[in-house]
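Because the structure is a prediction, the values reported are computed rather than measured.
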Amino acid sequence: MSSSLNLMNPRSNEYDVSVMAPPSSSRNSNKYDVFLSFRGEDTRDNFTSHLYSALWHNNIETFIDNDLKRGDEISQSLLDTIEASAISIIIFSERYASSGWCLDELSKIFECKHDYGQIVIPVFCRVDPSHVRRQTGTFGDYFSKLGERYPEKMQRWGNTLTEAANLSGFDSHVIRPESKLVEEIANEILERLDDTFQSKTTIADAVFNKISRHFEGSYFAQNVREAEETGGIKDLQKELLSDVLNDRILRDVRSQLNRLARKMVLLVFDDVNNPRQIESLIGHLDHLASGSRVIITTRDKQVLKNCWAGQIYQMKELVYTDAQKLFSQYAFRGGHLDSSYTELTDKAIKYAQGVPLALKVLGCYLCGRSKEEWESAMRKLEIIPHVEIQEVLKISYDSLDDSQKNIFLDIACFLEGEHRDKVISFFDASGLEAKIELSVLEGKSLINLDVFDQIRMHDLLRDMGREIVRNESVDYPGKRSRLWHHNDIYEVLKKNTGTEKIKGIFLDMNKVNREIHMNFYAFSKMPNLRFLRMYGDENKCLVSHLEGVPFAEVRHLEWARCPLKTLNICAEKLVSLKMPRSKVQQLWDDVQDLVNLKEIDLSRSESLTKLPDLSRAKNLEILWLRGCLSLVETHSTIQYLNKLEDLDLDYCISLTSLPTSIHSKHLKELSLRGCSNLKIFPEITSCHMWRLELTKVGIKELPSSIECLSNLQYLYIWDCSELESISSSIFKLNSLESIDISNCSNLKRFLEIPSCNIDGGTGIEQLASCKILVGFAFCIVVPHCWEPCETHEVFCGLKHKSQRNLDRRSLGRISYVESDHVFLGSYLLGYEDLSKRDDEVSFYISTIYGDDVEVKQCGIHFVYAQDSTESREEEEEDLLRYLL
């Protein structure tokens, strides 16, 4: 949950975001912004004085110890000063470690870093960071000499120096000249301090106060949205114009706007939710004079886009240290945390999750109350959010249209954390334009996307949405649109009090401590149910069958360990069907139009015997049947699922056959591990499958159709005791990098590996100078040679007389099995041209420890780059040498 701030030049459409620090008192309760730790005789009169001057000119409250006479013991007042600073800058110089005073300062700084989250920035002034990190060089010499006086402190000081040098900082050897280094440090401090502002209005106010003197006129228009809603926009306009023009006489507005357009002004518009509000105050932004600046704060990023904002500052949530300071300021007398309330304070801060408004409101609400009252208040907040917080957060929600509100509430109650594509599919199947609606919600900072494209929502916004739903019917959960609390769902299902109002149910069965004996018609009384998710380690919803027409409108149906034996439902609006570990034996009997269906998960449904006709599930992408022990065959229609990406049939031990071919060109994953009764491998035409693993599969042959997997890179065939042959068509797989065949005891024919005996090992003879060797492909057979439970990583490498190892590459791991291993791989030489060498070069196989590995059979195929002295017609493939 965040808001946006923009600083813009309306004339040129170029935007300068330059958020500057206000006086420290408006930022936090620290006495100083920065504490400088330095060795006086090294840097006081040069670098440190220049840095202090730059910080002072930027209004950064900085402490510098100008006491030239220092004793052996650091004073308590100085320790208190370090603790009262937001940031510590450590200026490491060559003789920094010669001072016990400096090292005691350093220890205190890191104590504050660990205890209070103080920001620490190291600066390496004409000293190598590695010397500080390891206490070596001249820096280390001074440190060792000091250790003769304080041997008991050396280990603690050394550890702290290492920790400090490992932090991200500034190196004078890297950033030159010194003036540039000072400037970059000052800018870094400003950015760090800006992060501790309490709200977007505070930031805008700070920038306004800092730069307004550079303009011919300035005005800060607060609460613009509220002024429009209460009919006060005209009064605000009069005040703005008279203030900026310094003219208190009432005049014609048009003439005043003309005069405004001739002045270089700074204007702040706070809390804008529609660009028309700005136009109502000053007309079009591009009418302002050149050099003017406009700052806009808003809850809706689209407002800034409509005003052609080029750069936007996104508000950040407060880090824990700053959140604790802000909360304590309102919750405790004097702003100091009461240590006996530490655990309760942590709960309150966790609830607020860095939102300044929530921290202030909670602090005021809990101030002066007993621990018992705090505990009671926190329990209540888990169920009913604080009214004052909700009123402010609800402003953005109230600006949504009905479609957007429904999507927001569905995400708040059910879909937070789901992948964006799944959410879009769910809403599209509900007849909503999901992409544009999600964009609106994201623009208003009501949702956001994480790095995995999952929909995220701040906990306070989620709680607000759920409170809106709870207020639909406070006393009768069955009359609400969405149910998520396990107690409410228990009451509705147990007492059969569901109604047509219910659109979704989200039940964590792990939280239900009693069984729910459901009525046969429980779901038939909810004809508008669109979302059903019941998950957990144990099924608590007991019912033998369902009557009526349940789930006719359901898009997402998830019921872990479902007790039903059949699921004879109308599934035409289903997007996702997930019933892992269920008792289901079969789904529906008839052919249904499943155009919306994208996912089926029936994994570990041990009683499932057959699948329905899926011929009309044209958009099905995922079909998971792993561990369906009773499944004998899949329906023939799965061969026509053109968009299928993932087919998981692992450990379907009764499965005897698949369709003769699977035509999905999008298939990425095919899992057949443990299908010991599957005799024939299907023809697959996918160009997206990159890995195929066949473990304990009952096939007798890997057919020639394997060549259709044009992008296959890795082929693993393990423990296939019935496998007799592998087609040589695997050589047509241009992307194939590795084959691993293990414990296939009945394998009678694997390709054709010619061999010859060569005395002296795997010698590669000198090649003609017209060819440049760039690499080679190889196939090796390694016999079983290790004890049970041993696993070894195997390498291939090259060596020659003058230099033992040219390079070594890993082939993979070999586990204990009672059969030979086959590896197919390649070796690229890079810049090493072995054809130019006069001495013998050998190819060898070894373990990670360098021990030689016996090679039973080996074939090598050399690859050359064409030399300019040789015509293309003369280039041909050579097969030079094989090892027995």
### Message
Any salt bridge linking R420 with E418? Criterion: basic side-chain nitrogen under 4.0 Å from a carboxylate oxygen.
### Response
no
### Query
Sub-3.5 Å donor-acceptor pair from the side chain of K540 to the main-chain atoms of M509, do we have one?
yes
#### Entry: Salt-bridge contact R379-E382 (side-chain N to carboxylate O under 4.0 Å)
no
### Message
Among I455, I447, N448, exactly one meets side-chain contact (heavy atoms from CB on, under 4.5 Å) together with L441. Which residue is that?
### Response
I447
#### Entry: Centroid-centroid distance, Y351 to W374, less than 6.0 Å
no
### Message
Between T297 and D271 (side chain of the first, backbone of the second, donor and acceptor by atom type, cut-off under 3.5 Å), is there such a pair?
### Response
yes
### Query
Has the side chain of T62 got a donor or acceptor atom that lies under 3.5 Å from a matching backbone atom of I60?
yes
### Query
Can you tell me if S430 uses its side chain to pair, donor with acceptor, with the backbone of L432 under 3.5 Å?
no
### Query
What orientation do F63 and F35 show, parallel under 30°, tilted 30 to 60°, or perpendicular over 60°?
parallel
### Query
CD1/I384 to CZ/R470 distance, rounded to the nearest 0.5 angstrom?
4.0 Å
### Message
Parallel, tilted or perpendicular: which one describes the rings of F531 and F426, with boundaries at 30° and 60°?
### Response
perpendicular
### Query
Do the charged groups of K394 and E391 touch, with an N to O distance under 4.0 Å?
no
### Summary
Across all chains, not counting sequence neighbours, the side chain to side chain donor-acceptor pair (under 3.5 Å) partners of D450 are R456
### Any donor-acceptor N or O pair under 3.5 Å, side chains S340, D338
yes
### Polar side chain donor-acceptor pair, S576 to E558, under 3.5 angstrom
no
#### Entry: Side chain R555, main chain F427, donor-acceptor under 3.5 Å
no
### Query
Would you call N406 and K503 a side-chain contact if the rule is heavy atoms closer than 4.5 Å?
yes
### Task
Verify, without hydrogens or angle tests, whether R581 (side chain) and A560 (backbone) share a donor-acceptor contact under 3.5 angstrom.
no
### Message
Main chain of D421, side chain of S425: is a donor-acceptor contact present, judged purely on distance under 3.5 Å?
### Response
yes
### Task
Give a yes-or-no answer on whether the side chains of N306 and Q302 include a donor-acceptor pair shorter than 3.5 Å.
yes
### Query
Any sub-3.5 Å donor-acceptor pair from R561's side-chain atoms to D537's backbone N or O?
yes
### Task
Check side chain to side chain donor-acceptor pair (under 3.5 Å) between E228 and all other residues, then give those that pass, not counting sequence neighbours.
R276, Q277
### Task
Check whether any side-chain N or O of T499 sits under 3.5 Å from a backbone N or O of G478 as a donor-acceptor pair, and report yes or no.
yes
### Task
State, without any angle test, whether S403 and D401 hold a side-chain donor-acceptor pair at a distance under 3.5 Å.
no
### Message
Main chain of H486, side chain of K511: is a donor-acceptor contact present, judged purely on distance under 3.5 Å?
### Response
no
